[in-house]
Amino acid sequence: MPAITLPDKSVRQFDAPVTGATVAEAIGPGLARAALAMKLDGRLVDLETQIDHDADVVFVTRRDPEALELIRHDAAHVLAEAVQELYPGTQVTIGPAIADGFYYDFARNDPFTPDDFPRIEAKMREIVARGEKFVRQVMDRDAAIRFFDDKGEKYKAEIIQDLPRDETITLYRQGDWVDLCRGPHMRSTADIGGAFKLMKVAGAYWRGDHRNAMLSRIYGTAWRDQKELDNYLHVLEEAERRDHRRIGKEMGLFHFQEEAAGSVFWHPKGWKLYRTAEAYMRRRLDAAGYQEVKTPQLVDRALWERSGHWEKFRQHMFIARVEDEDKTLALKPMNCPCHVQIFRQGVRSYRALPLRLAEFGSCHRYEPSGALHGLMRVRQFTQDDAHIFCTDQQIPPETVRFVELLASIYRDFGFSEFFVKFSDRPALRAGSDDVWDRAEGALKEACASAGIDYTLNPGEGAFYGPKLEFVLRDAIGRDWQCGTLQVDYILPELLGAEYVAEDGSRRTPAMLHRAILGSFERFLGVLIEHYAGRFPLWLAPVQAVVATIVSDADAYAGEVALALRKAGLTAELDLSNQKINAKVREHSLAHVPVLAVVGRKEAEQRTVALRRLGGSTQEVLPLEAAVRRLADEATPPDLSS
RNA sequence: GCCGACGUAGCUCAGCGGUAGAGCAACUGAUUCGUAAUCAGUAGGCCCUCGGUUCAAGUCCGAGCGUCGGCACCA
C-alpha cells in the first residue's frame, strides 16, 4: 500500500504497487504529459519503475536540470541505433552523456567521417519521430553474455563479464534495437526532441587504454530546445574567436613552423607582451625575497642519473651527443637539479633558510606530436620557476606566503577566481613510503595553515613529491592549471644538499618546487584567450596609435607619439593616406587599446582626442594631460599607488 | 604515439585529371576627408615534401612532415 510523498509534502495513497507514470496520471494530465522520469527517494529512475513501498517521488520534466542528462543519454542510444541500422556489422561499445552532449564509441573497420553525419543525423531524426518506447528488461548474467555474443557484440559481452557478480544486468529496448544499459531513460525516443547535432568524430581507445583497439567515436550535442542548442553553438564560436592561435596571427604576436614544431617564434609585439609579463614577475619575486639565478641548458647525463630524471623522465628529454667527446648531454627538462647545484656551493647555515632561488628557466621536453597545441603545449618553454630550500617547520609559513603571492599575481593579471587540487603519490615514484607520508603530511598541514580548500587528485603527484595545483578560471569559464607547489624531500637527498643545523649537525633541507604562471608560453596563451586579445593598457603590446585626420597634422602627430614614448608608452604613428573611419576600424581590429586622433583642430590647440577600444566616444585633452593620463593608466598594477 | 580530417598568394578560402582563382592585405596613383572599410590600377604562387599512376597531376595513389579535432600523455 504505497504512500507517495510529493515535493510539496502532499501524500498520495495507492492500494497496490504503481508505476511512476500511473502516479503522474493520478496527479493530473499535465504532469503525465510532462513527466520524463522521476526521482524515487532521490534516485533518478524510469517513469515505468514500480513503486511498492512508501516513497518520496519527484517528477523530472523538461525544465529540470536532470532532463539534459536524460536527453543526452537517450540521444546516444538513438545515435547507436541509427548507426547500426545504416552500417550493419558495426559493434556498439559505450555511449555516455557528457558535459554539453554525448558520444558513442563504435568498433568498425572503417572509422566514421563527418561526411557520414547527414545520413546518421537524418536517421536519428527518423527514430525520434518514430517515438520508440524505451523498455527496461532485466536479464540473467550468463544469458545476457550469450545474447550479446550471439549478436556479435563482443564488447558488450566483455563489459558484462567485468561487471560485479551481484550487479543486476539490465537491457533497454527501443523499437527493435537493444542495448546493455543501466538506465534510466525517458519514456520514448520522441522525448529527445530535435535540438541535437552531431559534432565531430575522433579515435578513442577501448576503455581509454592505448594498448587496446582504437574505436571510432562520434560526438554529439543535445539540448532541451533549439534556443539552447543555438546558444551553445554560439558559445563555441566565441571560444573559437578567442583562440590564441588565431589572435596571435591576427595581432602578429608569434608564429610556429615545421622546422621547429612545438617551439615559438615570438614576433616583436608578442615579445613585448612576454617581456612586460616577465618584468612584472621579476619585480614581484624580488619583492617577495627570491633571488634570481640562471643555470645551464645542456647538462651531462651524470647529473640526470643522480637526480633520477634519467630513469623516470628520459622519454621526455632531448638528448644531445657530441662527436668529439664521448659524452651524453641532455637539454634540461626541469631546473631543480641545477638549483640544487647552486645550493650545494659552499656551506649553508640554517640561518640562510629559507633560501628562495628563482629562475625564468627555459626547459625542453619532448611532448608527443599529438599533444602539441599552440602556446598551450610546447616543447620549449620558460617556467617562472623557483625552489625554496627550507626546514620542515618552514613549510607551512612558506606555503602561506606563496599562496598570498600567487593570489595577488593572478588578481593583477585579471583573474579573480582560482581553485586548488592536491595530487598525492603516483605509482611510479622515487623515495620510500615514509618520506611520502612526511611530504604529504607537511603539505596538508601547510594547506590547513594557509586556509586552502582543495580537491584531491589521487596518484597525480610528481615522481619526487606531492603537489598542489592552482587552477585559474578564465573569462568564459574555462579552467587552466597554471601554478604549482610541490614538496620534495627526495631530490635534495639524492643530490646531496645539506645545511648546518643549530646544533652543528648536517641536515638535508626540504625543497619546495613552485611556479605561479607555470610556463610563460602557456600563461600568455591563457591571457590572450582570457582577454580575447583586448589587453588592459599595461599589458598591451601596442598601447596607443596616434592617427591623423589630415596630413597637415602629421608634424604635430609626430610630436604626440614622441611625447607618449618619452612617457614610457609603446605608441605607433599612423600617417597613412586613409580616412579616419578606416584607421579606427583597422586599429580596433588590431585590439589597440587607445587611439589618439589628431586633426587640424587638435594640432592648432595642441590637444588630442582619445578614443578607447570598443568605445564610441572621444575625450579631448591637452597633450600633456593626455600623456600623463595614459602613462598613469599604463603603470603595471604592482607599481601604481 | 594512435584514429580521422586538412595542407593552394601575407591572411581567409575556392578550384578535385587538360594554360592556377576570389576577397582582404601589400604596392602605385588619385583623393585631405572628424571616429569601424574612399576610388582606380599593379604586382604576387616549388598548389607542404618525396615517390608513383597517366599523353597530361593542386586534382588520383603511396610514404613522410606539419596543422587541426579527439584519444592516450601532461612525469
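As the structure is a prediction and not an experimental result, all values here were calculated from the model. Note that these values count all heavy atoms, side chains included, but never hydrogens, waters or copies made by symmetry. Lettering of chains follows the sequences in order, A, B, ..., and the numbering in each one begins at 1.
Under 4.0 Å is where a charged nitrogen must lie from a carboxylate oxygen, and between D300(A) and R306(A) no such pair does. Taking the charged nitrogens against the carboxylate oxygens, D162(A) and R207(A) do have a contact shorter than 4.0 Å, which makes a salt bridge. Ion pairing between a basic and an acidic side chain is recognised when a charged N comes within 4.0 Å of a carboxylate O; R629(A) and E624(A) show no such pairing. Looking at E359(A) and K332(A), a side-chain N of the basic residue comes within less than 4.0 Å of a carboxylate O on the acidic one, giving a salt bridge. The existence of a salt bridge linking R241(A) and E238(A) is confirmed by a sub-4.0 Å separation between a basic side-chain nitrogen and an acidic carboxylate oxygen. A salt bridge does not link E158(A) with K156(A): every distance from a Lys NZ or Arg NE/NH1/NH2 to an Asp or Glu carboxylate oxygen is 4.0 Å or more. Using a 4.0 Å cut-off between charged nitrogen and carboxylate oxygen, E367(A) and R377(A) count as a salt-bridge pair.
Nucleotides rC2(B) and rA72(B) are separated by 8 Å at their C1' atoms, to the nearest Å. When the C1' atom is compared between rC50(B) and rU38(B), the two are found 49 Å apart, to the nearest whole Å. Atom P of rG4(B) sits at a distance of 39 Å from the matching atom of rC24(B), rounded to the whole Å. Taking atom P on both rC61(B) and rG7(B), the two are 13 Å apart, rounded to the nearest angstrom. Comparing rG17(B) with rC13(B), their C1' atoms are spaced 22 Å from each other, to the whole Å. Annotation: rA9(B) and rA43(B) have their C1' atoms spaced 11 Å apart (nearest Å). The gap from the C1' atom of rG69(B) to that of rC27(B) amounts to 39 Å, rounded to the nearest Å. Between rC73(B) and rU54(B), the distance separating the two P atoms is 47 Å to the nearest Å.
Taking 4.0 angstrom as the limit, R600(A) places a side-chain polar atom (N or O) nearer than this to OP1 or OP2 of rC33(B). Distances shown here put every side-chain N or O of Y103(A) at or beyond 4.0 Å from the OP1 or OP2 atom of rC71(B). OP1 and OP2 of rU35(B) both lie 4.0 Å or more from every side-chain N or O belonging to N581(A).
Within the shown strands, nothing qualifies as a pairing partner of rG17(B) under the Watson-Crick or G-U definition with both distances less than 3.5 Å. Pairing for rG1(B) is with rC71(B), a Watson-Crick or G-U wobble pair whose two hydrogen-bonding atom distances lie under 3.5 Å. Across every strand in view, rG41(B) sits in a pair with rC27(B) that passes the Watson-Crick or G-U test at under 3.5 angstrom. Across all strands shown, rG66(B) is found opposite rC6(B) as a Watson-Crick or G-U wobble partner, with both distances under 3.5 Å. In a base pair of the Watson-Crick type (N1 to N3 plus N6-O4 or O6-N4) or a G-U wobble (N1-O2 and O6-N3), with each distance short of 3.5 Å, rU53(B) is matched with no nucleotide. Across all strands shown, rG58(B) remains unpaired; no Watson-Crick or G-U wobble contact has both distances below 3.5 Å. The partner of rU35(B), taking Watson-Crick or G-U wobble pairs whose two distances both stay under 3.5 Å, does not exist in any strand shown. Remark: rA22(B) base-pairs with rU12(B); criterion is Watson-Crick or G-U wobble with both hydrogen-bond distances under 3.5 Å.
Comparing rC33(B), rU35(B), rC68(B) by their closest approach to the side chain of R611(A) singles out rU35(B). With rU35(B), rA75(B), rU38(B) as the choices, the nucleotide that has an atom nearest any side-chain atom of K579(A) turns out to be rU38(B). Distances were taken from every side-chain heavy atom of K249(A) (C-beta onward) to each of rU35(B), rC11(B), rG69(B); the shortest belongs to rC11(B). Closest to the side chain of V550(A), from the set rG69(B), rC33(B), rC11(B), is rC33(B). The nucleotide whose nearest atom lies closest to any side-chain atom of S588(A) is, among rG1(B), rG69(B), rA36(B), rA36(B). Checked against rU67(B), rG69(B), rU35(B), the side chain of L372(A) finds its nearest nucleotide in rU67(B).
Using a 90° window around 0 for the glycosidic torsion, rG51(B) falls outside it and is classed as anti.
To the nearest 0.5 Å, atoms OG (S362(A)) and CZ (F381(A)) are separated by 8.5 Å.
Ring-plane geometry between H309(A) and W304(A) is classed as perpendicular, the angle between the planes exceeding 60 degrees on a 0 to 90 degree scale with a lower cut at 30. Between H387(A) and F389(A), the ring planes lie tilted relative to each other; the angle falls in the 30° to 60° range.
The distance from atom NZ of K200(A) to atom C1' of rC71(B) is 12 Å, rounded to the nearest whole Å. Taking atom CG on L575(A) and atom P on rU32(B), their separation rounds to 17 Å, with Å as the unit. In this structure, R246(A) atom CZ and rU12(B) atom P are separated by 9 Å, rounded to whole Å. Between Q578(A) atom CD and rA36(B) atom P there is a gap of 14 Å when expressed in whole angstrom units. Taking atom CG of L375(A) as the reference point, atom P of rC68(B) lies 11 Å away to the nearest angstrom. The nearest whole Å value for the distance from the CE atom in M251(A) to the C1' atom in rA25(B) is 17 Å. Spacing between atom CD1 of I98(A) and atom C1' of rC71(B) amounts to 13 Å, rounded to whole angstrom units. Rounding to whole angstrom units, CG of residue L198(A) and C1' of rG69(B) are separated by 15 Å.
Within 4.0 Å of H373(A), counting heavy atoms only, lie sugar-phosphate atoms of the nucleic acid but no base atom. Here E469(A) lies out of heavy-atom contact (under 4.0 Å) with every strand. Contact annotation for F256(A): no contact, since no heavy-atom pair falls under 4.0 Å across all strands. When heavy atoms are screened at a 4.0 angstrom cut-off, A547(A) is found touching no nucleic acid atom at all.
Between F265(A) and H255(A), the ring center distance clears the sub-6.0 Å criterion. For an aromatic pair to be called close, the ring centres must be under 6.0 Å apart, and F117(A) with F112(A) fails this. Taking the six-membered ring where the residue is Trp, the centroids of H530(A) and F415(A) are separated by under 6.0 Å.
Comparing Y366(A) and L613(A), the nucleotide of RNA chain B nearest to each residue sits closer to the 5' end for Y366(A). The residue among V620(A) and A261(A) whose nearest nucleotide of RNA chain B is located toward the 5' end is V620(A).
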Scan nucleotides 3-7 of chain B against the protein and return all N/O pairs shorter than 3.5 Å with their distances rounded to 0.1 Å.
{"from": "rC3(B)", "atom 1": "O2", "to": "G203(A)", "atom 2": "N", "distance (Å)": "3.2"}

If you restrict it to nitrogen or oxygen atoms, what contacts under 3.5 Å exist between nucleotides 72-74 of chain B and the protein, and what is each distance?
{"from": "rA72(B)", "atom 1": "O2'", "to": "H210(A)", "atom 2": "ND1", "distance (Å)": "3.3"}
{"from": "rC73(B)", "atom 1": "O2", "to": "R377(A)", "atom 2": "NH2", "distance (Å)": "2.8"}
{"from": "rC73(B)", "atom 1": "N3", "to": "R377(A)", "atom 2": "NH1", "distance (Å)": "3.1"}
{"from": "rC74(B)", "atom 1": "O4'", "to": "R377(A)", "atom 2": "NH2", "distance (Å)": "3.3"}

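Contact annotation: the side chain of L630(A) approaches that of V594(A) to within less than 4.5 Å [non-hydrogen atoms, C-beta and beyond]. Contact of the E121(A) side chain with the F196(A) side chain is registered, since non-hydrogen atoms from C-beta on lie closer than 4.5 Å. Taking the side chain as every heavy atom from C-beta outward, F106(A) and I218(A) approach each other to under 4.5 Å.
A heavy atom closer than 4.0 Å to some atom of RNA chain B occurs in no member of residues 516-524 of chain A.
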